[in-house]
Every structure is written in C-alpha cells, then in structure tokens.
Amino acid sequence: MSPTDTNTQIFNDDLGNARPDAIYSGAQPEEAILGVVHDLGNLIQIATSALNIISRSPDMDGGSSLRPVVASACTSLRRAGMLVQQTMRLARGGQAAAAPVDVWACLMEIETLVRATWERNIVFELSGGLALPALSCNRVNLQSALMNLLLNARDAMPNGGAISLLATTVHGDDATTEIELRISDNGIGMTKEVLSRASDPFFTTKVSGLGGLGLPMVNRFAQEVGGRLDLESELGRGTVATLRLPS
Ligand SMILES: Nc1ncnc2c1ncn2[C@@H]1O[C@H](COP(=O)(O)OP(=O)(O)OP(=O)(O)O)[C@@H](O)[C@H]1O
Ligand SMILES: [Mg+2]
C-alpha cells in the first residue's frame, strides 16, 4: 500500500457502495445532505468513544509511541464534531460564531496533527508567527481552510516531499494589517488549465478526494473574513497557496 493509499483509504472503502442518495432516497437534496451530516456526527461519536477506550488502555501507558497518534486522532475527531454541529446550526438559520482567534496557536495544533498522523516521507515545516495579530473569524473554519490546503499539498506529493507553512504579518499602504499564510509544496504542480479551474466547485483531478469542494470552501472562508486566496503553480515544480486575511 502506498502512503497515499493509507492517507485516503477511508474514502474508498464501503462508502463507495453506500451512496447518500441511495440511503436518503425520497428526501430533498438539502435534507439528504443534512441527513448525511447528522449521521456523520453519530459516527464521529462512536469513533471518539473507541479512541477514549484505547487511550485508557494499559498499552498506552508511559512512553507509548502511539500516544501522539491517538491524541491527533482525538483532536481531528473533535474538530470534525464541531464542524458537524456548526453545519447543523447553520441549517437551522444560525451563524458560525466569529471571535478573536490566536492564529499561531491554531497553526501549532495543525502542526501536531500533521506530524503525528502523516507518512514520514512528508516533511512539514511551520515558520514565522512572530507577534501575529488576532484574527476575527470562526476558529474551526480557519483550521478547516488550512487543512484543505495542506491536504492538497500532501496529495500532490504521492512519493513524499516538503510542505512549508509560513505565517507573517503584512502591512498594506493604507495602514491595514493582513495575516499572510503561505503554504508551499514541491509536488506535481498544475497545468495552466487545471490552475484556472482549480477553485471551481466540483472540479477535481483526483479519484479518491471528496469531489472538488476543498478550494471552494477555502475561498468562501477567505471571502467571509474579507480576505482572499491566491494560487500559483508550475507543472512539475509545485504550488504556493497564499491566504491573505485582514486582522
Ligand atoms: N497543491 C496542489 N498541487 C497540485 N494540484 C492541486 C493543488 N491544490 C489543488 N490542486 C488541483 O485543484 C483541484 C481542486 O482542488 P480541491 O481542493 O478543490 O478539490 P480536491 O482536492 O480534488 O477534492 P477535495 O478537496 O474536495 O477532497 C485538485 O483536484 C487538483 O487537481
Ligand atoms: Mg482538496
């Protein structure tokens, strides 16, 4: 099994036969989608309970090397659960709560997750972060946007490579301050045609992804906080995704 297989396997197994439209036949599309989200919430709870049992097992005592892996899975599931709750809240007409977010703390949490769970042939480097101002946004949405960009970078390097995330503060001419989050990979890159369509909803070149909604979601998050996403890419050399977010 290749590293990419291990990382994306969850999306290729039974789900292929259990299509939501079959499970929720008869429901309106929006209801069907919410039904899927709701059931995802149930599955997340089951997986969380299983992980809690594993983390209390005597095998996990002391310096077990599995401890950070389990901790990362717990963090990931907690965020997944929050996303599900948030989606259900939005469906009921609520709003994703925005609050001052410590961006560097968010990035360090992501770094822990990536380092503990990704294949060792992916080298991840987080840098910058000096005196980043707080960002008014929804914390879960910020982390989801960054994870989407990092997953794209990882997927672009099936045989491994280097991903860097540089966080800096940029001062505009008009005295505005932006946080710049620049994710670079040295993966397969994109042709001009793919680059021009990359952010279109449902555009994908992958057989095992979630269907081409990652970049549209990143764009939506960026626009919601008054920022933007820029993509630069060169075939065979890699890609740079830059999020600029007003603080
Ligand atoms: N870092 C990257 N390197 C190479 N190609 C990329 C990169 N990021 C995005 N792409 C291209 O843009 C397409 C769209 O990306 P997007 O994140 O929207 O969807 P996806 O990754 O295919 O699926 P999903 O994110 O829904 O699981 C990808 O299929 C890929 O062709
Ligand atoms: Mg993606």
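Values below: all heavy atoms of this structure, side chains included; hydrogens, waters and symmetry mates excluded. For ligands, and for the atoms within them, numbers begin at 1 and follow the listed sequence.
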A.B. asks: Is the backbone N or O of Ile53 less than 3.5 Å from a side-chain atom of Ser57, with the two atoms forming a donor-acceptor pair by type?
C.D. replies: no
A.B. asks: Taking atom CE as the centre, does Met217 end up with more than 12 heavy-atom neighbours from other residues, nucleotides or ligands that are less than 6.0 angstrom away?
C.D. replies: no
A.B. asks: Using heavy atoms and a 4.0 Å limit, tell me yes or no: is Gly238 in contact with ligand 1?
C.D. replies: no
A.B. asks: Using only heavy-atom distances, determine whether the side chains of Ser199 and Asn219 contain a donor-acceptor pair under 3.5 Å.
C.D. replies: yes
A.B. asks: Salt bridge between Glu234 and Lys192, side-chain N to carboxylate O under 4.0 Å?
C.D. replies: no
A.B. asks: Any N or O on Val194 sitting closer than 3.5 Å to an N or O of ligand 1?
C.D. replies: no
A.B. asks: Is the backbone of Gly238 close enough, under 3.5 Å, to the side chain of Ser233 for a donor and an acceptor to pair up by distance?
C.D. replies: yes
A.B. asks: Has the side chain of Arg182 got a donor or acceptor atom that lies under 3.5 Å from a matching backbone atom of Leu243?
C.D. replies: no
A.B. asks: If I only include protein atoms of type N, O or S, how many are less than 2.8 Å from the Mg ion (ligand 2)?
C.D. replies: 1
A.B. asks: Would you call Trp118 and Leu150 a side-chain contact if the rule is heavy atoms closer than 4.5 Å?
C.D. replies: yes
A.B. asks: What I want to check is whether the side chains of Gln86 and Asn141 have a donor and an acceptor closer together than 3.5 Å.
C.D. replies: yes
A.B. asks: Considering non-hydrogen atoms of the protein only, which is the closest contact for atom 15 (O) of ligand 1, and what is the distance?
C.D. replies: Leu215 CD1, 3.7 Å
A.B. asks: Write out the residue and atom name of the closest protein heavy atom to atom 23 (O) of ligand 1, then the distance separating them to 0.1 Å.
C.D. replies: Gly212 N, 3.1 Å
A.B. asks: Taking both backbone and side-chain atoms of Ile188, is any N or O found less than 3.5 Å from an N or O belonging to ligand 1?
C.D. replies: no
A.B. asks: Would you check the N or O atoms of Asn148, main chain and side chain alike, for any that come under 3.5 Å of an N or O of ligand 1?
C.D. replies: no
A.B. asks: For atom 31 (O) of ligand 1, what is the nearest protein heavy atom, given as residue, atom name and distance?
C.D. replies: Thr205 OG1, 2.5 Å
A.B. asks: Asp155 versus ligand 1: do any nitrogen or oxygen atoms come within less than 3.5 Å of each other?
C.D. replies: no
A.B. asks: Specify the protein heavy atom at minimum distance from atom 9 (C) of ligand 1: its residue, its atom name, and the distance to 0.1 Å.
C.D. replies: Asn152 ND2, 3.6 Å
A.B. asks: Go through ligand 1 atom by atom and flag the ones less than 4.0 Å from a non-hydrogen atom of Phe203.
C.D. replies: 14 (C)
A.B. asks: Give the residue and atom name of whichever protein heavy atom lies nearest to atom 11 (C) of ligand 1, and the separation in Å to one decimal.
C.D. replies: Met190 SD, 3.7 Å
A.B. asks: Looking only at heavy atoms of Gly189, does any of them come nearer than 4.0 Å to an atom of ligand 1?
C.D. replies: yes
A.B. asks: Quick one, Phe124 with Leu165, criterion side-chain contact (heavy atoms from CB on, under 4.5 Å). Give me CA distance, side-chain angles, the key distance, then yes/no.
C.D. replies: CA-CA 8 Å; Phe124 179 66; Leu165 199 169; 4.0 Å; yes
A.B. asks: Determine whether Ile110 and Trp104 fall in the same hydrophobic cluster, where Ile, Leu, Val, Met, Phe, Trp and Tyr are linked whenever their side-chain heavy atoms lie under 4.5 Å apart.
C.D. replies: yes
A.B. asks: Just heavy atoms, cut-off under 4.0 Å: does Ala156 contact ligand 1 by side chain, backbone, both, or neither?
C.D. replies: side chain
A.B. asks: Is any N or O atom of Pro216, backbone or side chain, closer than 3.5 Å to an N or O atom of ligand 1?
C.D. replies: no
A.B. asks: Under a 4.0 angstrom heavy-atom cut-off, which atoms of ligand 1 come close to Lys206?
C.D. replies: 20 (P), 21 (O), 22 (O), 28 (C), 29 (O)
